[in-house]
K.L.:
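Sharing a structure with you now.
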Amino acid sequence: MNKGGGMKKMKYVLVTGGVVSGLGKGVTASSIGVLLKACGLRVTSIKIDPYLNTDAGTMSPFEHGEVYVLDDGGEVDLDLGNYERFLDIKLTRDNNITTGKIYQAVIDKERRGDYLGKTVQVVPHITDAIQEWIERVAMIPVDEQPGPADVCVIELGGTIGDIESMPFTEALGQFSYRVGAGNFCLIHVSLVPVLSAVGEQKSKPTQHSVRGLRSLGLTPNILACRSTLALEENVKQKLSQFCHVPAENIITLYDVPNIWHLPSLLRDQKAHGAILGALNLLGVAREPNLKEWTSRAESCDMLLEPVRIAIVGKYTGLSDSYLSLLKALLHASVSLRKKLVVDWVPASDIEDETAKENPDAYKAAWKLLQGADGVLVPGGFGDRGVEGKILAAKYARENRIPFLGICLGMQIAVIEFARSILGLQDANSTEFDPDTTSPCVIFMPEGSKTHFGGTMRLGSRRTYFQVMDCKSAKLYGNRGFVDERHRHRYEVNPDMVSTLEDAGLSFAGKDETGQRMEIVELPNHPYYIGTQFHPEFKSRPGKPSALFLGLIAAACGQLDSLLHAHKIPNGMAKKVSLYQNGNATKFAKIPADGIYSNCNGVHA
Ligand code: GLN
């Protein structure tokens, strides 16, 4: 709709949550974005996290899920990953607002004397700062097109009524009034529980939470109710009456087999009509086209042939700790028509010590590892489980099992190689053993070497391929370089590179100085690749990340046909082997958007 920027009014969709946390508000908000995008609108998003941390960088993935990394190096809430993946956009660090960031901005301003002697208060100074932040960030283009988006989806984290979110709800109430009716649409995501004893859908919790919302000056246009089944008509009527929301604006988010069904679930209940109506966009938007989403969601449900990937990590208790990784594996598996089965292997359980202390856990962990078609060692910090990760890399190398090591996963693969092949028994990273006589991984900050704070190498950096005839270069479509996201302090010791290379390890990708090792490969292995960067953050449904695609293909014995497809120069691969079915190999064309669709009736 918006072609060149100019003066136009930004439209805002605010998504709040009520009753309980964990309703899938983020995925709902992302799906609303997808639906609006399918109507031809350009969409951006802002996530508000009412915690005091200025960013997610210092938060434990075990407590809060993964730290998602953006191109600009922002360490943000994992919901921004959902937005980037669903909307295929690139957000900035400022698209994640936290209480900490707002207070810091206001306090900095106060210290500069910008408030001219006034008493600085939550209302109006914090609330004004929130509104200014939203208006500023909403205008940043995120889809590589000129000019700002048409709609900004704002997700308010937490649950309505939380003490922490009060300044935000107050600010958003003022904001809705300021931008005016026709420019603001509030969607409240709530829960309609069913009590098993009576089997009745209960509307009261939603009624209460809408009352709370109203008391804070926010009026919902749409209710999106999580419930196992579709809402019964009388329940809708009751909600409509008590919450003052028209029945046709009450949507049920009933359980679906996978989250890619959500955009079409919303469309089927005409959510787009309600949103576009509230935003005065009915005349501008077109009927939503969700063909790709629907067919991908459906084909995902129909996958039968499993591919088993063992993730050998530290935070195997909470899958959100590795959310992007899981999504990247899923994107790759779905595009190769395989059902992804992830086996979580707690790294410390495969260590020798566990064999003595907890033999059952040890056996179970090794059984999982040995049953896997592919092994993935993700990134991580701290030394717990490092020896287990090294053992997993050794197992994959020696048994020719497809292996992908990411960040720490690459570092431990190099350590393992140095120990086993170069015979450097105490090879290690100085992160884990500062006194090692064979430091193959060392502290290599981009800035100061003496100052630890703020020394993380963060965000998008370029990797140049050193060898073209290698799996990673081919998988990336024979391009000369790739841009991927980073989050680390340590790197392969440049002084040891030639020794490692002489022994058969190939550093296929390096940074522009040639000093930082970005991709490592074992040429004589079916698939053994490590990356200093995190390719998982740029994987998208329909556009799987190259090295994840390679891992899954190798794990299914299809790497050769995939690489063959990628032989055509400049990433112009026209055909990719989707799956081997009996004796017939089926091919599907990759359309411009990279979605391997059902050219051969694969979804039929
Ligand atoms: N701890 C390692 C480093 O700082 C690896 C980091 C990571 O895996 N993200 O370099």
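When a ligand or atom number is given, it counts from 1 through the structure's own listing order. Throughout, residue positions are numbered sequentially from 1 according to the sequence presented. We use all heavy atoms of the structure for the numbers below, so side chains are in, but hydrogens, waters and symmetry mates are not.
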K.L.:
With a 4.0 Å heavy-atom cut-off (strictly under), which part of H488 contacts ligand 1: side chain, backbone, both or neither?
P.N.:
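For H488, the contact with ligand 1 is made by both the backbone and the side chain.
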
K.L.:
Contact between Q411 and ligand 1, counting heavy atoms under 4.0 Å?
P.N.:
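Q411 counts as a contact of ligand 1 under the 4.0 Å cut-off.
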
K.L.:
Go through ligand 1 atom by atom and flag the ones less than 4.0 Å from a non-hydrogen atom of C407.
P.N.:
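Matching atoms, with element in brackets: 5 (C), 6 (C), 7 (C), 8 (O), 9 (N).
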
K.L.:
Among all the protein's non-hydrogen atoms, which is closest to atom 9 (N) of ligand 1, and how far away is it?
P.N.:
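Ranking protein heavy atoms by distance from atom 9 (N) of ligand 1, first comes R487 O, 2.9 Å.
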
K.L.:
Looking only at protein heavy atoms, which one is nearest to atom 1 (N) of ligand 1, and how far off is it?
P.N.:
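In this structure, atom 1 (N) of ligand 1 has E431 OE1, 2.8 Å as its nearest protein heavy atom.
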
K.L.:
Should the pair W293 and F86 be assigned to parallel (<30°), tilted (30 to 60°) or perpendicular (>60°) ring geometry?
P.N.:
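Correct class here is tilted.
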
K.L.:
Is there a donor-acceptor pair under 3.5 Å between the side chain of R419 and the backbone N or O of A427?
P.N.:
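Yes; at least one donor-acceptor contact below 3.5 Å.
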
K.L.:
So which protein heavy atom does atom 10 (O) of ligand 1 come closest to, and at what separation?
P.N.:
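The closest one turns out to be Y490 N, 2.8 Å.
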
K.L.:
When you measure from atom 4 (O) of ligand 1 to every protein heavy atom, which one gives the shortest distance, and what is it?
P.N.:
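Its nearest protein heavy-atom neighbour is R489 N, 3.0 Å.
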
K.L.:
If I compare all heavy atoms of I134 with all of I154, which pair ends up nearest, and what's the gap?
P.N.:
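The pair with the smallest heavy-atom distance is CG2-CD1, 3.7 Å.
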
K.L.:
In terms of ring plane angle, is the pair F443 and Y490 parallel, tilted or perpendicular, where the classes change at 30° and 60°?
P.N.:
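Judged by the thresholds at 30° and 60°, the geometry between F443 and Y490 is tilted.
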
K.L.:
What I'd like to find out is whether the side chain of Y527 reaches to under 4.5 Å of the side chain of L547, using heavy atoms alone.
P.N.:
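Side chain of Y527 against side chain of L547, heavy atoms only: contact under 4.5 Å found.
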
K.L.:
Knowing that exactly one of K327, R485, K538 qualifies, which makes a salt bridge (Lys or Arg N to Asp or Glu O under 4.0 Å) with E84?
P.N.:
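When salt bridge (Lys or Arg N to Asp or Glu O under 4.0 Å) is applied between E84 and each of K327, R485, K538, only R485 qualifies.
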
K.L.:
Do any heavy atoms of H534 fall under 4.0 Å from ligand 1?
P.N.:
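In this structure, H534 qualifies as a contact of ligand 1 - some heavy atom is under 4.0 Å.
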
K.L.:
Pick, from P378, G405, G380, G379, the option with the minimum heavy-atom distance to atom 5 (C) of ligand 1.
P.N.:
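Comparing heavy atoms across P378, G405, G380, G379, the nearest one to atom 5 (C) of ligand 1 lies in G380.
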
K.L.:
Are side-chain heavy atoms of L91 and Y68 found at a separation under 4.5 Å?
P.N.:
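The answer is no, as the side chains (C-beta and beyond) never meet within the 4.5 Å cut-off.
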
